[in-house]
Amino acid sequence: MRLLLVEDDLDLSRSLKTDLECAGYAVDTATDGEQGEFLGMTESYDVVILDLGLPKLSGVEVLKRWRAANNSMPVIVLTARDAWHEKVDGFKAGADDYLGKPFHVQELLARLQALLKRAYSQNQVTLTLEGVALNEEQQTVIINGGQPINLTAIEFRLLRYFMLHPGKILSKTHLSEHIYDYDSDPDSNVIEVYINRLRRIVGNELIHTRRGQGYVFGQKP
């Protein structure tokens with residue numbers, strides 16, 4: 001899953017980027033509101049973490065502009081712990097959740113997981129589909145009740161994205177946009193390599209190739 005982090009505190013931004021990448025996200029960062037608004041308008045993100053106290057353009061104004069442009073990506077806003085008015089302003093502007101500073105990174109990760117599952121109508125504690133159970137904290141997968149299998153970072157991102165979009169045709173370009181960050185420039189053949197690796201893990205019958213279109217996750221009807 002690809003995530004945009006808009007935070008002007010450079011130390012916090014660097015720390016969060018590291019933690020989020022370890023949790024299986026491809027992370028782009030912005031340090032002011034103008035840059036954040038631009039990236040949110042021009043790149044494909046699955047979720048955004050947006051600080052409200054930003055230079056150049058406030059987080060609330062950034063969020064208002066995204067929503068006015070019908071940009072519906074889920075957004076968690078970061079606010080000062082005692083600034084209740086910021087929370088209200090954030091929700092009015094279109095925020096999906098909020099977290100007060102300072103916070104523990106594990107709470108942020110839990111809120112991200114919950115928000116993404118709500119966004120994709122997945123209500124299970126563990127992401128489960130077609131006999132495949134994905135443990136997001138351990139980045140492992142269990143097939144038909146077997147033993148946990150460790151996944152690489154890209155395998156985990158790719159499988160999680162497939163499982164959140166079952167039955168949908170996903171092109172190589174679309175998959176690349178959602179599992180790599182802005183600074184990465186993967187060759188399209190790399191996606192094929194990782195899909196073949198996933199097929200060996202979950203079974204060939206679960207990832208189907210649509211010639212000239214992309215891939216579909218799930219059993220054939």
Side-chain angles (χ1 to χ4, degrees), residues 1-33 35-37 39-40 43-55 58-60 62-63 66 73-84 86-91 93-120 122-127 133-141 148 150-161 163-164 178-184:
M1 308 297 282
R2 190 175 176 193
L3 180 151
L4 174 61
L5 171 63
V6 190
E7 169 60 63
D8 64 319
D9 183 325
L10 295 181
D11 290 336
L12 178 59
S13 179
R14 283 191 289 264
S15 175
L16 285 178
K17 179 178 172 67
T18 298
D19 290 331
L20 290 164
E21 287 175 341
C22 288
Y25 295 92
V27 182
D28 293 339
T29 60
T31 56
D32 62 63
Q35 183 186 22
E37 184 206 4
L39 287 174
E43 299 293 327
S44 297
Y45 294 106
D46 299 292
V47 65
V48 177
I49 300 171
L50 176 67
D51 184 26
L52 295 187
L54 295 169
S58 74
V60 168
V62 171
L63 187 50
W66 286 340
M73 56 193 175
V75 175
I76 295 179
V77 296
L78 303 181
T79 70
R81 177 67 71 178
D82 57 351
W84 62 268
E86 286 190 349
K87 301 171 189 175
V88 173
D89 290 343
F91 280 122
D96 298 277
D97 199 357
Y98 79 91
L99 193 57
K101 295 180 179 180
F103 55 84
H104 196 286
V105 69
Q106 291 302 321
E107 181 180 0
L108 175 61
L109 294 175
R111 287 178 179 272
L112 283 171
Q113 288 183 10
L115 182 55
L116 286 169
K117 287 176 180 177
R118 288 200 303 272
Y120 296 109
Q122 296 284 346
N123 298 319
Q124 310 102 316
V125 174
T126 300
L127 192 56
L134 186 65
N135 186 316
E136 296 179 74
E137 292 186 0
Q138 299 296 322
Q139 296 184 28
T140 60
V141 64
N150 293 323
L151 300 171
T152 66
I154 300 300
E155 288 170 350
F156 171 72
R157 292 178 193 170
L158 186 57
L159 181 56
R160 179 169 58 180
Y161 199 81
M163 293 180 71
L164 287 171
H178 288 268
I179 66 172
Y180 291 102
D181 60 33
Y182 185 83
D183 294 326
S184 299

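Position 1 is the first residue of the sequence; numbering continues from there.
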Handout entry: Rounded distance (nearest 0.5 Å) linking atom CD of Gln138 with atom CG of Leu151
Key = 11.5 Å
Exercise for the section: Test Ile49 against every option in Val75, Val77, Leu112 by the side chain to side chain contact (heavy atoms under 4.5 Å, CB included) rule and name the one that passes. Expected result: Leu112
Problem - Pair Phe103-Leu78, side-chain contact (heavy atoms from CB on, under 4.5 Å): steps then yes or no - result: CA-CA 9 Å; Phe103 55 84; Leu78 303 181; 3.9 Å; yes
Handout entry: cation_pi(Arg157, Tyr180) dist<6.0 Å, angle<=45
Key = no
Practice task
Report the residues that fulfil ring pair (Phe, Tyr, Trp, His ring centres under 6.0 Å) with Tyr161, sequence neighbours left out, ordered by chain and then residue number.
Solution key: His165, His174, His178
Exercise for the section: State whether the side chain of Lys17 and the backbone N or O of Val27 hold a donor-acceptor pair below 3.5 Å, judged by distance alone. Expected result: yes
Handout entry: Inter-residue atom distance Leu4.CG - Trp66.CH2, 0.5 Å rounding
Key = 5.5 Å
Handout entry: Spatial distance of atom CD (Glu7) from atom CG (Leu16) [nearest 0.5 Å]
Key = 7.0 Å
Exercise for the section: For atom CD of Glu137, decide whether the heavy atoms of other residues, nucleotides or ligands shown that lie under 6.0 angstrom number more than 12. Expected result: no
Handout entry: Closest approach of Pro74 to Ala119 (non-hydrogen atoms, all atoms of both residues)
Key = CG-CB, 4.0 Å
Fill in the blank from the handout: Value for CG (Asn150) from CD (Glu155), rounded to nearest 0.5 Å, stands at 10.0 Å
Practice task
List in chain and number order the residues that pass salt bridge (charged side-chain N to carboxylate O under 4.0 Å, His left out) with Glu86, two or more places apart in sequence or in another chain; answer none if no residue qualifies.
Solution key: none
Handout entry: CA sep, side-chain torsions, deciding dist, call: Gln113, Leu127, side-chain contact (heavy atoms from CB on, under 4.5 Å)
Key = CA-CA 10 Å; Gln113 288 183 10; Leu127 192 56; over 6 Å; no
Practice task
Begin from the C-alpha positions of Val6 and Leu54 and carry the test side-chain contact (heavy atoms from CB on, under 4.5 Å) through to its verdict.
Solution key: CA-CA 8 Å; Val6 190; Leu54 295 169; 3.5 Å; yes
Practice task
Check for a donor-acceptor pair, side chain of Gln35 on one end and backbone N or O of Thr31 on the other, with a separation under 3.5 Å.
Solution key: yes
Exercise for the section: Kindly say whether Asp32 contributes a backbone atom to a donor-acceptor pair with the side chain of Asp8 at under 3.5 angstrom? Expected result: no
Exercise for the section: Taking atom types as modelled, find out whether Tyr45 and Asp28 have a side-chain donor-acceptor pair closer than 3.5 angstrom. Expected result: yes
Fill in the blank from the handout: Here the gap from Leu20 atom CG to Thr29 atom OG1, rounded to the nearest 0.5 Å, amounts to 11.0 Å
Exercise for the section: Report yes if some heavy atom in the side chain of Glu136 is under 4.5 Å from a heavy atom in the side chain of Lys117; otherwise report no. Expected result: yes
Handout entry: Heavy-atom side-chain proximity of Leu134 to Leu159 below 4.5 angstrom
Key = yes
Exercise for the section: May I ask you to decide if Glu43's main-chain N or O and Arg2's side chain share a donor-acceptor pair within less than 3.5 Å? Expected result: no
Exercise for the section: With sequence neighbours excluded, tell me which residues meet salt bridge (charged side-chain N to carboxylate O under 4.0 Å, His left out) with Asp97. Expected result: Arg111
Exercise for the section: To the nearest 0.5 angstrom, please state how far the CD atom of Glu37 sits from the CG atom of Leu63. Expected result: 11.0 Å
Exercise for the section: Could you give me the CA-CA distance, side-chain angles and deciding distance for Met1 and Val47, then say whether side-chain contact (heavy atoms from CB on, under 4.5 Å) is met? Expected result: CA-CA 8 Å; Met1 308 297 282; Val47 65; 5.8 Å; no
